[in-house]
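Positions are given from 1 along the sequence.
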Amino acid sequence: MAETFLLDIAQRVVEKIAHLSVEEARLAFNVESHLRKLKETLSRIKAAVLLDAERQQHQNEKLRLSMWKLRDIFYDAEDVIDDFKCEAVRKQVVNHPNITFKVRFLASCSLPLSFSLKMGHKIEVINQRLNELAIEWDNFNLGQGTDNRHVFNRETHSFVNSKDVIGRDVDKENIIDLLMKPSEGLDVPVIPMVGIGGIGKTTLTRLVYNDNRVNRHFPLKIWICVSEEFDLTRLLKLMIHSINKGEQSDNSTVEALQTCLRSLLNDKKFLLVLDDVWNENQARWIELRDLLRSMGGLSQSKIIVTTRSLKVASIMSSIRPYELKVLPHEDCLILFTKWAFNDGDDRQYPNLTRIGEEIVKKCKGVPLVVRTLGSLLFMKTDESDWISVRDNEIWKLEHAENEILPVLKLSYNHLPSHLQRCFAVMSLYKKDSIYYSDKVIQFWMANGLLEHSKQKQEWVDVGGRYLNELLSRCLIQKETDYALGFTFKMHDLIHDLALDVSQKECKTVNSQSYVIDENVRHLSFCDDKLLKVPQDLKKLKNVRTVFVHELSTESKTIHESLINLCVSKFKYLRALHLRCSPLTALPNSIGTLKHLRDLDVTGCRNIQKLPSSFYKLRSLQTLRMYGIPLMQLPVSMESLIELRYLEITIKAKHLKETWLRCWTSLQYLGLFECDNLECLPEGMQYLTSLRRLVLFGC
């Protein structure tokens, strides 16, 4: 289910054209008509068309291939727009009054006329490619239907066989206790239950709904599967349908429906279950709530809401949501055995049972995954089948037999388009990673994934808003707060979802996976068994991200070969992470990466000095060099005027004031293990954007 992210890429390109700075616009003076035409073409590509294409691509091979062509054109357009930014920054450096490093000779390297002619030609070619593809797209007849995104129809019911439910007794008692408690003046007694897809919210609610104590306490029970359409007319019809035991209502107007429901409720105490709620429109909930309140008996009644969103829970209730946790490992083993074997058969296959224990570990306590993998293996006694399930990622299992990802993908489909791409690229991090909010935001920023804020927020604040949105939707889990933000984790199942949707955008290369799709834009190398550079790398040229982590530190050769190839081939790199690499030097060709914005060489302790071309990385926004024992920063670093985030380790006694006069965009300065540092430099007042200064081990 690889996504192309066409809508978000197109929107980002249009934004960038619209937000060209004065200097960038001046550079574009000879290509204004080409740029205007590009912007108009991109703006005309309607969201409905792109969303319809995303929906139909899985059934139409020609459309799918055409979408990848369009994605490449969008990316090429973004690279050209970024070229204006890079050139504008270069000119700023050349003309900067506080830069003492002799870079004035650079002024002649790119004459305004030759630059604009070159850019004009590139934009003209992009416009021609778009026009040619438009003819092809006309034949697909897109955007004619409704704007639905891969809707996965899901209906739930109230029946449950309690013998099939394992490990939820404590949760069941907790919810029943909440139901039996007096409402204590609560306006509307709503109990929200929150958790990721597949965690068992609906199953637990069924257990509660069918308990004898609940039956005695509530004379009337109503079960509604709300799903994606929170429409008052529909919900009233479903409630009447539930009370009348399946008999349909002939009424069609809201007035007639509410009159009918009022007569059925008749001040009775009731339990209402609203299962699988996605609605984040408060007005729609208030409309239903007020109608129920007007019917009497609501203060003694209770409503259970199940949802994947903390925001939904906060809209519908003032009490703290009941957050359903994963099942303990022992309960998962019992559940898996129940689904994988006939009663008692597990004792006949001790070898399969051992493999089954390892399969259960990868389920990470999610009952839906345990049940699905168990049922996939039911009646299969060949060890190879079990080993295949154990060793394969969940997202690679056959979709025909796998209901896990369609359930999870509902959460992804409900994300706004700009958040979908931000979520997808998080698949580059290793499973079970601890994510640091500031690092993730800087990575997003480097790749231009953050939208321009209408409130003129700082990029870091926009990124913080994105992360809070992912938190509220239970796609990430907060761990601890720290000075620059917070750490968080992503459940393995959610990570599998990210891997699935980003298949053609991101690639994690390991010793079992050397094949790399030519469409890939982001690469992650994270396997200490990787002993050679994949040949497919040489075919790529438009990669924007390279993460190198957890490769064998004993083999300097693989690191050098990999980094030299990436730096020489990928001229549009935005992010390069080489944490704890055994490299003794960065290649001098790194200076050709004029688009590079995020460089992390933390812990590369064998590097003694920076290459002479380092000053050419003028687009750098984030530079982490914690643990590189530099004697002093080179004077040429004055030219890094876009720096926002800097971590360094130096052995000198003083930092020079001249750098500070040039780093007026710097928001964070971290000085780590600077053992000889005697004082902060004069001129700290020049860091007018500084938000935080960290001194550690100095």
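- A donor-acceptor distance shorter than 3.5 angstrom exists from the side chain of Thr337 to the backbone of Leu333, with no hydrogens or angles considered.
- Closest of all the heavy-atom pairs between Leu475 and Ser411 is CD2-CB, 4.0 Å.
- Shown are Thr202, Thr307, Thr205; of these, the side chain to side chain donor-acceptor pair (under 3.5 Å) with Asp275 is made only by Thr202.
- For Ser433 (side chain) and Lys430 (main-chain N/O), a donor-acceptor pair under 3.5 Å exists by modelled atom type.
- Among all heavy-atom pairs drawn from Leu493 and Gly197, the shortest one is CD2-O, 4.3 Å.
- Taking the six-membered ring where the residue is Trp, Phe488 and Phe486 present tilted rings, their angle falling between 30° and 60°.
- The closest donor-acceptor contact from the side chain of Lys362 to the backbone of Arg390 lies under 3.5 Å.
- Remark: Glu518 CD is loosely packed, at most 12 non-hydrogen atoms of other residues, nucleotides or ligands lying under 6.0 Å away.
- When ring centroids are compared, Tyr435 and Phe443 stay outside the 6.0 Å threshold.
- Side chains of Asp164 and Val160 form no contact here, defined as non-hydrogen atoms less than 4.5 Å apart.
- Side-chain atoms of Phe525 and His559, non-hydrogen and from C-beta on, never get closer than 4.5 Å to each other.
- With rounding to the nearest 0.5 Å, the separation of CG in Asp8 from CG in Leu449 is 7.0 Å.
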Between Arg421 and Ile9, does the side-chain contact (heavy atoms from CB on, under 4.5 Å) criterion hold? Intermediate values first, please. CA-CA 9 Å; Arg421 196 151 58 122; Ile9 301 170; 3.6 Å; yes
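- For the atom pair CZ (Phe5) and CD (Gln420), the distance works out to 7.0 Å, reported to the nearest 0.5 Å.
- Asn210 places no side-chain N or O within donor-acceptor distance of the main-chain N or O of Phe159, the cut-off being under 3.5 Å.
- Side chain of His495 to main chain of Tyr429: a donor-acceptor pair is present (N/O by atom type, distance under 3.5 Å, no hydrogens or angles).
- The pair Asp343-Lys163 fails the salt-bridge criterion, with no side-chain N (NZ, NE, NH1 or NH2) lying under 4.0 Å from an Asp/Glu carboxylate O.
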Chi angles and distances behind the side-chain contact (heavy atoms from CB on, under 4.5 Å) call for Asp598, Lys439: CA-CA 10 Å; Asp598 180 3; Lys439 294 179 182 177; over 6 Å; no
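- When all heavy atoms of Ile319 and Pro192 are compared, the pair lying nearest together is CG1-CD, 3.9 Å.
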The test is side-chain hydrogen bond (donor to acceptor under 3.5 Å, both in side chains); show your working for His549 and Ser524 and say whether it passes. CA-CA 8 Å; His549 38 195; Ser524 177; 3.1 Å; yes
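- Within the 4.5 Å cutoff, side-chain heavy atoms of His491 are placed close to those of Val326.
- For the pair Ser437 and Leu484, the tightest heavy-atom approach, listed with the atom from each and the gap, is OG-O, 4.1 Å.
- Counting only distance, with no hydrogens or angles, the side chain of Arg234 and the backbone of Glu229 share a donor-acceptor pair below 3.5 Å.
- For the pair Lys221 and Phe218, the cation does not sit on the ring face, since its NZ or CZ is not both under 6.0 Å from the ring centre and inside 45° of the axis.
- With sequence neighbours excluded, no residue satisfies ring-ring contact (aromatic ring centres under 6.0 Å, His included) with His217.
- With hydrogens and angles ignored, the 3.5 Å screen pairs a side-chain donor or acceptor of Asn468 with a backbone N or O of Gly464.
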side-chain hydrogen bond (donor to acceptor under 3.5 Å, both in side chains) between Asn60 and Gln57, worked out: CA-CA 5 Å; Asn60 189 330; Gln57 63 165 316; over 6 Å; no
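- To the nearest 0.5 Å, atom CG of residue Asp492 and atom CD1 of residue Ile394 are 8.0 Å apart.
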Determine, step by step, whether Asp496 and Lys431 satisfy the salt bridge (charged side-chain N to carboxylate O under 4.0 Å, His left out) criterion, reporting the C-alpha distance in whole Å, the side-chain angles of both residues, the deciding distance to 0.1 Å, and the verdict. CA-CA 9 Å; Asp496 280 329; Lys431 271 189 180 177; 2.9 Å; yes
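- Taking the side-chain contact (heavy atoms from CB on, under 4.5 Å) definition, one finds that Asp517 meets it with Lys504, Asn519, Val520, sequence neighbours left out.
- Using a 4.0 Å cut-off between a side-chain N of Lys or Arg and a carboxylate O of Asp or Glu, Glu357 and Arg354 do not qualify as a salt bridge.
- How far CE of Met379 is from CG of Asp385: 13.0 Å, rounded to the nearest 0.5 Å.
- Smallest separation of non-hydrogen atoms from Ser427 and Ser502: OG-OG, 3.0 Å.
- Here Lys507 contributes atom NZ and Asp536 contributes atom CG; the two are 9.0 Å apart, rounded to the nearest 0.5 Å.
- Atoms OG and CG, on Ser301 and Leu179 in that order, are 11.0 Å from each other to the nearest 0.5 Å.
- A 4.5 Å side-chain heavy-atom check between Leu178 and Met193 finds every atom pair outside the cut-off.
- The pair Arg473-Glu469 meets the salt-bridge criterion, with a side-chain N (NZ, NE, NH1 or NH2) lying under 4.0 Å from an Asp/Glu carboxylate O.
- A donor-acceptor distance shorter than 3.5 angstrom exists from the side chain of Arg206 to the backbone of His157, with no hydrogens or angles considered.
- Between Lys201 and Asp276 no salt bridge is recorded (no basic side-chain N to carboxylate O distance below 4.0 Å).
- A donor-acceptor pair is defined here as one N or O able to donate and one able to accept, closer than 3.5 Å; no such pair exists between the side chain of Gln56 and the backbone of Ala53.
- Under 4.0 Å is where a charged nitrogen must lie from a carboxylate oxygen, and between Asp432 and Lys364 at least one such pair does.
- Side-chain contact between His577 and Val546 is absent, with no heavy-atom pair separated by less than 4.5 Å.
- Scanning all heavy atoms of the two residues, the minimum distance from Val277 to Met316 falls at CG1-SD, 4.0 Å.
- Remark: side-chain polar atoms of Ser317 are not paired, donor with acceptor, to backbone N or O of Ser314 under 3.5 angstrom.
- The aromatic rings of Phe336 and Trp386 sit perpendicular, their planes meeting at an angle over 60°, well past the 30° parallel limit.
- The aromatic rings of Trp278 and His414 lie parallel to each other, with less than 30° between the two planes, well short of the 60° mark.
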